[in-house]
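Working notes for the structure below.
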Amino acid sequence: MRPDWDSYFMKIAYAVSERSTCDRAFVGCVLVLEKRILTTGFNGSPAGQEHCDEIGHLLVDGHCVRTIHAETNAIIQAALHGISTKGATCYVTHLPCINCTKVLINAGISKIVYSVAYRTDDNAMGFLKSAKIELMQKEFQPNQ
């Protein structure tokens, strides 16, 4: 059976997450505009830096600060290649953290579709509501 668009792009986000180098959470992100993929991102260290799966985590207050989150990496890829993200949909395996939420708002993302409610942040939810960004949870099993 042919998958609907949300399932299709979520499946791709999970495939992208397989490139993650921080095993605390394998997160993948796909930015889509008009049913076309603009960029992808996964959580991992900055280019040329050692990765968590090579030398371990760099934890500060319970968070690994060695990695850049998938959503931010997808936005960075768009910036590097001169691709506008205004009006795009963000398909991401995990609900964005507050920092990624702010980045997505400023990048002009209009909708976020996620699968796992990893952590819910009331401030992030307030920012999304204030920015009028549609938020949708899409139950998804990676092996679908």
Side-chain angles (χ1 to χ4, degrees), residues 3-140 142 144:
D4 62 73
W5 286 107
D6 289 335
S7 296
Y8 172 74
F9 290 121
M10 189 59 70
K11 187 172 188 173
I12 294 170
Y14 272 95
V16 171
S17 76
E18 294 174 9
R19 293 284 305 152
S20 296
T21 60
C22 183
D23 63 0
R24 295 191 75 218
F26 293 91
V27 182
C29 177
V30 180
L31 299 182
V32 175
L33 184 64
E34 298 174 3
K35 299 178 184 167
R36 301 281 186 253
I37 295 172
L38 301 176
T39 64
T40 65
F42 54 87
N43 56 331
S45 297
Q49 303 295 308
E50 295 180 299
H51 297 282
C52 295
D53 61 3
E54 297 169 341
I55 63 168
H57 302 285
L58 179 58
L59 297 177
V60 175
D61 297 327
H63 298 282
C64 184
V65 298
R66 186 178 308 287
T67 62
I68 299 171
H69 290 185
E71 305 93 307
T72 299
N73 267 328
I75 298 295
I76 290 167
Q77 286 304 306
L80 281 172
H81 298 286
I83 299 168
S84 174
T85 56
K86 186 174 184 172
T89 297
C90 172
Y91 290 89
V92 62
T93 57
H94 295 64
L95 181 67
C97 71
I98 190 162
N99 290 323
C100 288
T101 295
K102 293 184 286 186
V103 168
L104 293 168
I105 290 168
N106 275 7
I109 299 300
S110 62
K111 180 178 178 181
I112 298 170
V113 181
Y114 70 97
S115 179
V116 178
Y118 179 64
R119 290 187 179 137
T120 303
D121 183 301
D122 291 337
N123 291 316
M125 292 298 160
F127 288 159
L128 291 172
K129 184 176 179 180
S130 179
K132 296 179 175 56
I133 294 177
E134 183 182 347
L135 184 65
M136 183 180 102
Q137 186 170 16
K138 174 77 174 170
E139 296 294 328
F140 187 82
Q144 287 181 331

[atom1]/[X]: more than 12 non-hydrogen atoms of other groups inside 6.0 Å:
| X | atom1 | result |
| --- | --- | --- |
| D4 | CG | yes |
| R24 | CZ | yes |
| E54 | CD | yes |

Donor-acceptor pair, side chain of [X] and main chain of [Y], under 3.5 angstrom:
| X | Y | value |
| --- | --- | --- |
| T39 | A74 | yes |
| S45 | E50 | yes |
| S17 | Y14 | yes |
| Q137 | S115 | yes |

Kindly compute the distance separating [atom1] ([X]) from [atom2] ([Y]), expressed to the nearest 0.5 Å.
| X | Y | atom1 | atom2 | answer |
| --- | --- | --- | --- | --- |
| R66 | D53 | CZ | CG | 10.5 Å |
| F26 | R19 | CZ | CZ | 12.0 Å |
| D122 | F127 | CG | CZ | 11.5 Å |
| S130 | N123 | OG | CG | 12.0 Å |
| I75 | T85 | CD1 | OG1 | 4.5 Å |
| E134 | I112 | CD | CD1 | 10.0 Å |

Original post:
Should I68 and Q49 be marked as a side chain to side chain contact (heavy atoms under 4.5 Å, CB included) after you check the CA-CA gap, both sets of side-chain angles, and the distance that decides it?
Top reply: CA-CA 11 Å; I68 299 171; Q49 303 295 308; over 6 Å; no
**OP:** For V27 and H69, run side chain to side chain contact (heavy atoms under 4.5 Å, CB included): C-alpha distance rounded to whole Å, both residues' side-chain angles, the deciding distance at 0.1 Å, then the answer.
**Re:** CA-CA 8 Å; V27 182; H69 290 185; over 6 Å; no
Subject >> Least distance between heavy atoms, V16 atom then G41 atom >> reply: CG1-O, 3.2 Å
Original post:
Taking all atoms of both residues into account, what is the closest heavy-atom pair of F9 and I37, and its distance?
Top reply: CE2-CG1, 3.7 Å
**OP:** Please lay out, stage by stage, how C52 and T67 fare under the test side chain to side chain contact (heavy atoms under 4.5 Å, CB included).
**Re:** CA-CA 8 Å; C52 295; T67 62; 3.8 Å; yes
Subject >> Steps toward side chain to side chain contact (heavy atoms under 4.5 Å, CB included) verdict (E71, I109) >> reply: CA-CA 11 Å; E71 305 93 307; I109 299 300; over 6 Å; no
Could you go through residues 90-103 and list every donor-acceptor pair under 3.5 Å that involves a side-chain atom there, pairing it with any protein atom two or more places apart or in another chain?
residue, atom, partner, partner atom, Å
Y91, OH, D6, OD1, 2.6
T93, OG1, G28, N, 3.2
T101, OG1, C97, O, 2.8

Original post:
Does some side-chain heavy atom of I133 sit less than 4.5 Å from a side-chain heavy atom of L128?
Top reply: yes
Original post:
According to the interplanar angle, ranging from 0 to 90°, do the rings of Y8 and W5 count as parallel (below 30°), tilted (30 to 60°) or perpendicular (above 60°)?
Top reply: perpendicular
**OP:** Taking atom types as modelled, find out whether N43 and S20 have a side-chain donor-acceptor pair closer than 3.5 angstrom.
**Re:** yes
